[in-house]
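Remarks on the structure that follows.
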Amino acid sequence: MANGCIGIDIGSSSLKIAEYSKNKIHLFSESMPDNMVSEGQVLSLEAMSQFIKETLKKNHISEKKCSVILPDTLVFTRRINMPFMNSEQLRVNIPYEFHDFINDDKDKYVYDYAMLDLNESNEGHKEIDLLAAAALKSTIDNYRGMFKRAGLKMSIAIPSVMAYTNLIYLLEGKKKNFEQSETGEKKDEYCFIDLGHTKCRIHIFDGHKLSASRTLDYGLNMIDLAIAEEKNVDVHIAKRYKEAQSGGILESEGCMNIYNSIAVEVMRAINFYRFNNQESNLSSAFICGGGGMIEPLIKALAESTALELKSANDILSYAGNFDTNGEIFVCAVGAAIQ
Ligand SMILES: Nc1ncnc2c1ncn2[C@@H]1O[C@H](COP(=O)(O)OP(=O)(O)OP(=O)(O)O)[C@@H](O)[C@H]1O
Ligand SMILES: [Mg+2]
């Protein structure tokens, strides 16, 4: 585990930074200026460099090494089962496993993987189970340049599922070495529901292995619209009302309707997973993202999904001590401990 690294998650509503050193975590967030991020992607690398630089300075963050979350729109992630092979053979073979996703020149991409398991069939054939990721080289170069201009050295860029996997490893108290994982034992399932500003993302893991991911076009920006309409104010003002949570604003009929819509969509995704995984005993989920601060939304979700909803702070506590609410920082911390 790295000591002395910052994890960075660039969201559409806020920039999240987790400074991780000697089992202590310092968490910093800054509201994202308008028109900086769309669909998870940075619109101006120059402007983002400047914004990150200012945020580091403002918060007296001196650490230079950073691990970064890549938006789902810029990285392909998939589980792969392959015959056992060494790392050099994997380097050659993994690109072919992405042929369903990558139509243009596969050499334009960089590939990475995390080893999840080693299985042996009855016939004695060894198989490996991987979580592999592919991103355009140009994306990685752009990100590296963006962080360099902000005064940082990007050591790694990972998809969010890898950040969650890192936290599960911590929680399970397991080493990252697949050879040391116990075989044959039924692993706990972990579900993360990220209620972000523009999207709701659900990731379900069987032990540390990703089993399902779903992104819903439902976000907390819908609440801003409901408040804007109800109070006849601009959405920026409505967003501030929402964050201040004053005067029962989050219990209005318009807001309640949004919570119920989100809750129904999340329930459908969870039920779909349960239907396809009949042996699943999924009974709880960690709530991440800004939605973790909205109690009536959590209540609606708990009722619709029949899951025990836990605060993301519970899982972050395995990474170290921190002094603020951690909901929005889950991916940033997961990246910092990479
Ligand atoms: N105290 C609060 N009460 C209610 N909502 C809040 C509060 N603080 C932040 N939010 C809302 O949480 C959202 C930001 O959450 P988060 O940082 O998880 O989103 P994001 O990562 O920027 O978005 P996305 O993942 O969709 O790109 C915004 O809608 C913000 O207004
Ligand atoms: Mg987010």
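Only this structure's heavy atoms are used, side chains among them; waters, hydrogens and symmetry mates stay out. Counting from 1, the numbers follow the sequence of the chain as shown. Whatever order the structure lists them in is the order used to number ligands and atoms, beginning at 1. Remember, predicted model here, so these are calculated numbers, not experimental data.
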Using the rule that two of Ile, Leu, Val, Met, Phe, Trp, Tyr join whenever any of their side-chain heavy atoms come within less than 4.5 Å, decide whether Ile328 and Ile287 are in one cluster.
no
Straight-line distance of Leu136 CG to Tyr143 OH, nearest 0.5 Å
12.0 Å
Would you check ligand 1 and list the protein residues that come within less than 4.0 Å of it by any heavy atom, ordered by chain and number?
Gly11, Ser12, Ser13, Ser14, Lys16, Gly196, His197, Thr198, Lys199, Arg201, Leu220, Lys239, Lys242, Glu243, Gln245, Gly289, Gly290, Met293, Ile294, Ile328
Could you tell me if the ring centre of His203 sits under 6.0 Å from that of Phe192?
no
Check this for me: Lys106, atom NZ, are more than 12 non-hydrogen atoms of other residues, nucleotides or ligands nearer than 6.0 Å?
yes
Do you know which of Tyr96, Tyr109, Phe76, Tyr111 makes ring-ring contact (aromatic ring centres under 6.0 Å, His included) with Phe101?
Phe76
If only atom types and distance count, is the side chain of Arg274 paired as donor or acceptor with the main-chain N or O of Leu282 below 3.5 Å?
yes
